[in-house]
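Notes to accompany the following structure.
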2 protein chains.
Amino acid sequence: MMHDEVVSRLRHVLMEGEIPPGARIPERELCASFAISRTPLREALKVLAAEGLVVLLPNRGSRAAKLTQKDVKELFEVCEALEAAAGELACPRISDEQLREIAELQANMVEHYRAQDLLSYYRCNRLIHEAIVRAADNAVLAGFYESVAARIRRARFITPMSPEHWGLAIQEHEGILNALQRRDARGLAHILHTHLRRKREEVVRAGFAEGE
Amino acid sequence: MMHDEVVSRLRHVLMEGEIPPGARIPERELCASFAISRTPLREALKVLAAEGLVVLLPNRGSRAAKLTQKDVKELFEVCEALEAAAGELACPRISDEQLREIAELQANMVEHYRAQDLLSYYRCNRLIHEAIVRAADNAVLAGFYESVAARIRRARFITPMSPEHWGLAIQEHEGILNALQRRDARGLAHILHTHLRRKREEVVRAGFAEGE
DNA sequence: TTGATCATTTTTGCATTCAAAATAGTTCCT
DNA sequence: AGGAACTATTTTGAATGCAAAAATGATCAA
């Protein structure tokens, strides 16, 4: 029971950037702050290393994983595939209740767009994508998606988003909701693909801009 | 360095079915057989639990994960998405050398089909799919694929394969190679989808037959 | 004989300890 | 002074130890 606790606390520390990417992970300090011994912490480190959040250097400790440009590209490519698949699977499986929930999130998101509230917009956007993945009713897919999304998020790409792109994203989301309501699996997969590809290109551009 | 060693040895033990799905994992015995203490073994168990090969029951030890019918379905759905994505990404990236390698594997596979050597056929088939994933040049994708493929393989679905399906699979593989050579990303993704969906349906049918 | 309760043994989870490796610091030589 | 070599300290990786929990089995009552 404690093991999962340690893993999620450590994941949280890494996700919140308390230990920045590339930085050494101070075993002893974390043990003290979590009030545990090194054994469970080291187990958690190995698990997070398998997840890709931590890199283990033999005899030289562990560091918070650093995302290279290529890593980000790879994560986006996989994210794209997973979300498209989720959408396709969700279409025949989604319940009216879930559909209603997404429609509501969508409405909220548009509100935040109107108010130009980027942070709330992002939160809604994320909830919608997560809801679609949930509707796919596939635990393996959901697990992979969570892992990929977490790693992408950790890169903290809160790209300012150009007005045109933001508008386009909103339009695409209308299309997503529409396809879901029409249970158009193929159409939804296609929209999600282009939607995410656009986001990826935007992020990659921003990434290049800031160097690495 | 020892850590990875233990993880892969343990994975091997599980994959080869030396510990059958659902069985308890005898910590002390494995420690003795690997000639290590419990600490590194337990770390490995946690890593494999994160991979889905092991389930940890708090205060009740660990067991080899047992695949339910739903698990198999989920794994196949994700496998389908990953391979289709791999094919799509591989098209623009694959080298002539890699293409040649796959063509050769394909020729071998057809030979094994002619000789009705199912085991060799499966081996070639697997190598081809792995080669496509490798050609996609995406480490995240490759890692997920490996994990999913391993779990599917462990279920040991060496379904006898009806002659018609076998013939169809061979045809589809011709199509796969063709699309790769023409660098037809969309076409390849489509063929891979149907190819794997067919296999899934076959396996699921066999699974239902034997109850689970 | 069956079933329930309690003691014994085993197993699990974490803390601690120990040896080896890496890092830092110091001395010595040029 | 600058740099190589050696020693001391810290840190890592794995073994062992210990308390708590579960599994086993033994005893006893119905």
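Convention: sequence-line order gives letters A, B, ...; per-chain numbering from 1. Computed from a predicted model, the values in this text were never measured in an experiment.
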Between N or O atoms, less than 3.5 Å apart, protein on one side and nucleotides 22-24 of chain C on the other: list the pairs.
| unit_1 | atom_1 | unit_2 | atom_2 | d |
| --- | --- | --- | --- | --- |
| C:dT23 | OP1 | A:Arg60 | NE | 3.4 |
| C:dT23 | OP1 | A:Arg60 | NH2 | 2.7 |
| C:dT23 | OP2 | A:Arg60 | NH2 | 3.3 |

- Query: Relative to each other, are the rings of A:Tyr121 and A:Tyr113 parallel, tilted or perpendicular (30° and 60° limits)?
  - Reply: tilted
- Message: Any carboxylate oxygen within less than 4.0 angstrom of a Lys/Arg side-chain nitrogen, looking at A:Glu97 and A:Arg100?
- Response: yes
- Between C1' of D:dA14 and CG of B:Asp4, the distance in whole Å: 15 Å
- By side chain to side chain donor-acceptor pair (under 3.5 Å) - contacts of A:Arg183 (at least two apart): A:Asp96
- Taking only residues two or more places apart in sequence, or in another chain, which ones meet B:Glu51 in a side-chain contact (heavy atoms from CB on, under 4.5 Å)? B:Arg11, B:Val47, B:Leu48, B:Leu53
- ring pair (Phe, Tyr, Trp, His ring centres under 6.0 Å) partners for A:Phe144, two or more places apart: B:Phe144
Extract all donor-acceptor atom pairs below 3.5 Å that involve side chains of residues 19-26 of chain B and protein atoms in other chains or at least two apart in sequence.
none

- Task: Can you tell me the distance, in whole Å, between the CE atom of B:Met2 and the C1' atom of C:dA20?
- Result: 14 Å
- Lys/Arg-Asp/Glu bridge criterion (N-O < 4.0 Å) met for A:Lys70, B:Asp137: yes
- For DNA chain C, which residues in residues 26-50 of chain B have a heavy atom at a distance below 4.0 Å? B:Glu27, B:Arg28, B:Arg38, B:Arg42
- Before giving the answer on side chain to side chain donor-acceptor pair (under 3.5 Å), spell out for A:Asn125 and A:His173 the whole-Å C-alpha distance, their side-chain angles and the decisive distance to 0.1 Å. CA-CA 9 Å; A:Asn125 181 68; A:His173 263 274; 2.7 Å; yes
